Protein chains: 2
Amino acid sequence: MQKLRLKSAEIEKSTHLEFFKIALSVDCVIFGYDKKKLKVLVFESDFEEYANMLSLIGDLVQPEEDLEEAPYRILRERAGLHDVYMEQVYTFGSVSRHPSGRVITTAYFSLVDIKTHKLPASETNLHWHDVDDISQMAFDHKIILDTCLTRLREKILEYPIVFNLLPEKFSLRELQDLYEAILGVELDRRNFRKRITLKNWLVDLNEMEEDVPHRPGKLYKLKKQLKSNGKPLRLKEQNLVI
Amino acid sequence: MQKLRLKSAEIEKSTHLEFFKIALSVDCVIFGYDKKKLKVLVFESDFEEYANMLSLIGDLVQPEEDLEEAPYRILRERAGLHDVYMEQVYTFGSVSRHPSGRVITTAYFSLVDIKTHKLPASETNLHWHDVDDISQMAFDHKIILDTCLTRLREKILEYPIVFNLLPEKFSLRELQDLYEAILGVELDRRNFRKRITLKNWLVDLNEMEEDVPHRPGKLYKLKKQLKSNGKPLRLKEQNLVI
DNA sequence: TTATTAATGTGTCCGAAGTACATATTACTT
DNA sequence: AAGTAATATGTACTTCGGACACATTAATAA
């Protein structure tokens, strides 16, 4: 690390020794979707105080690593995930939140298509867990999860991000099931289709579902300009990318 | 600091010495409003690299201090401000963002009524600066300011928080001027009044403006349940506090 | 005292978008 | 060939936001 010159009014009152004792970590809330259920990628904590409790995937930020890079690295290293949608949500910093000492954590959520992104066999501990079947977690991870879920629910109403949870091609029924799973409500089919049509997010592929046990529906995909590879989208109006 | 036990998979790969070298700071974007202009509280940086450039008020988070507590302390110590509306916005952590070393910062914005909260005479350097008259700042503070301003603009459309920038009693005209200053647009007076009425945020005080050089308008105040002393509001619908 | 001025206060029309709800069509199943 | 369960589409009602007009009030100027 480079030598410190502490001349700012912000820092001059302190010595490094006293202040550079805080660790910064990143915790990743990785959402997936399968069988009409919203999932989150978790593992059973090997931390003494929280043995066998569910834990989010996280790691310390490296000394020479940008904060925004850390969650992407963690997803690569721990879950073999590349090019996923990622968004910073909130930073949690209670003194007592981590039993090992002062660890402040920044929470990110990401959206992953479970079918396309297979988990690495090496990480046998990792698994996709129903979001609405989690009542407690290690550390303050339940609060982190809830905060990210709230943010997700707000965001999907205005921004076309849920498509990161689906395969390239999908039917309107699948899309509606996904919205219902995330929002936890039932939606009227006809009105849902109208709203989605109005947002003008989709392209009709002129293909039909196959191997479904009922009348097949049309398949759609997200418009190319609206695809979010990694970075969160910023939209003006409902279909214009800034 | 308590002794560390580093047994978690999150931490075990590292030694403290290597990782507890990151400093965490808080930067406060303190918004005010005066003479139809949105203001922000700044001072001229005494930091060598950024001499005479505008800087936000910030400080390092103390080793035994909750992250959420730090911005309140900073407002007290540096600006004599108590009980102000405060909201966490984003955490900035580029490796190179601070010339003194690895300093990650969490940005908060707060809303203050300039007339009620006078600045302490000791802080001669502090002053209220027009937000739209700032083109560059020290460090990455301009980006931090812009991020907070964007969040503020989104938030005021749905949540009754701008009232923290006004005195207890105000006219609809003053309220509209404030919205226009924050959003940077002109609004139709009649439609604005209709929208505000619809939101049902206000109480008609049956009092009139005084000492205005024109026909006085009615005075209103924010409904008591909607007052936000410090913590950000969470609303369901448009006027219900959860 | 009166007319002027500049603001406040209120209302209407219209179109966009959301909600409730009904019917026809299609393909698989029996 | 009939029954079933899903898709596909449409209509009426309501709510909300945006464009816009007119009457009212109080300070000011003649």
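We name chains A, B, ... by the order of the sequence lines, and we start the count at 1 in each one. Since the structure is predicted, the reported quantities are computational estimates derived from the model, not experimental observations.
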Gap between atoms CZ and C1', on A:Phe192 and C:dA17 respectively (whole Å) = 16 Å
Find the distance A:Arg173:CZ to D:dA5:P and express it as a whole number of Å.
-> 14 Å
To the nearest Å, how far apart are A:Leu172 CG and D:dA8 P?
-> 7 Å
Within this structure, what is the CD-to-C1' distance between A:Glu186 and C:dA20, rounded to whole angstrom?
-> 15 Å
Answer with yes or no after comparing the ring centroid distance for A:Tyr33 and A:Phe31 against a 6.0 Å cut-off, counting only values under it.
-> no
Picking from C:dG18, C:dT10, D:dG17, the nucleotide nearest the side-chain atoms of A:Leu198 would be C:dG18
Heavy atoms under 4.0 Å, any strand shown: does B:Arg193 hit a base, just sugar-phosphate, or nothing?
-> base
Whole-Å distance separating the CD atom of A:Glu174 from the P atom of D:dA8 | 12 Å
Any Lys/Arg nitrogen of B:Asp59 or B:Arg73 sitting under 4.0 Å from an Asp/Glu carboxylate oxygen of the other?
-> yes
Starting from P on D:dC16, measure out to CD1 on B:Ile196 and report it in whole angstrom.
-> 14 Å
Within a reach of under 6.0 Å around CG of A:Asp83, are more than 12 heavy atoms found that belong to other residues, nucleotides or ligands?
-> no
NZ (A:Lys37) with more than 12 external heavy atoms under 6.0 Å | no
Selection residues 206-228 of chain B - residue pairs positive for ring-ring contact (aromatic ring centres under 6.0 Å, His included), sequence neighbours left out | none
The contact string for nucleotides 18-30 of chain D, one letter per nucleotide 5' to 3', using protein heavy atoms under 4.0 Å with B, S and - for base, sugar-phosphate only and none, comes out as BBBB--BBSS---
Between C1' of C:dA6 and CD of B:Glu209, the distance in whole Å = 13 Å
Atom-pair distance (CG on A:Leu205; P on D:dT7), nearest Å = 17 Å
Under 3.5 Å: donor-acceptor pair, side chain of B:Asp188, backbone of B:Asn191 = yes
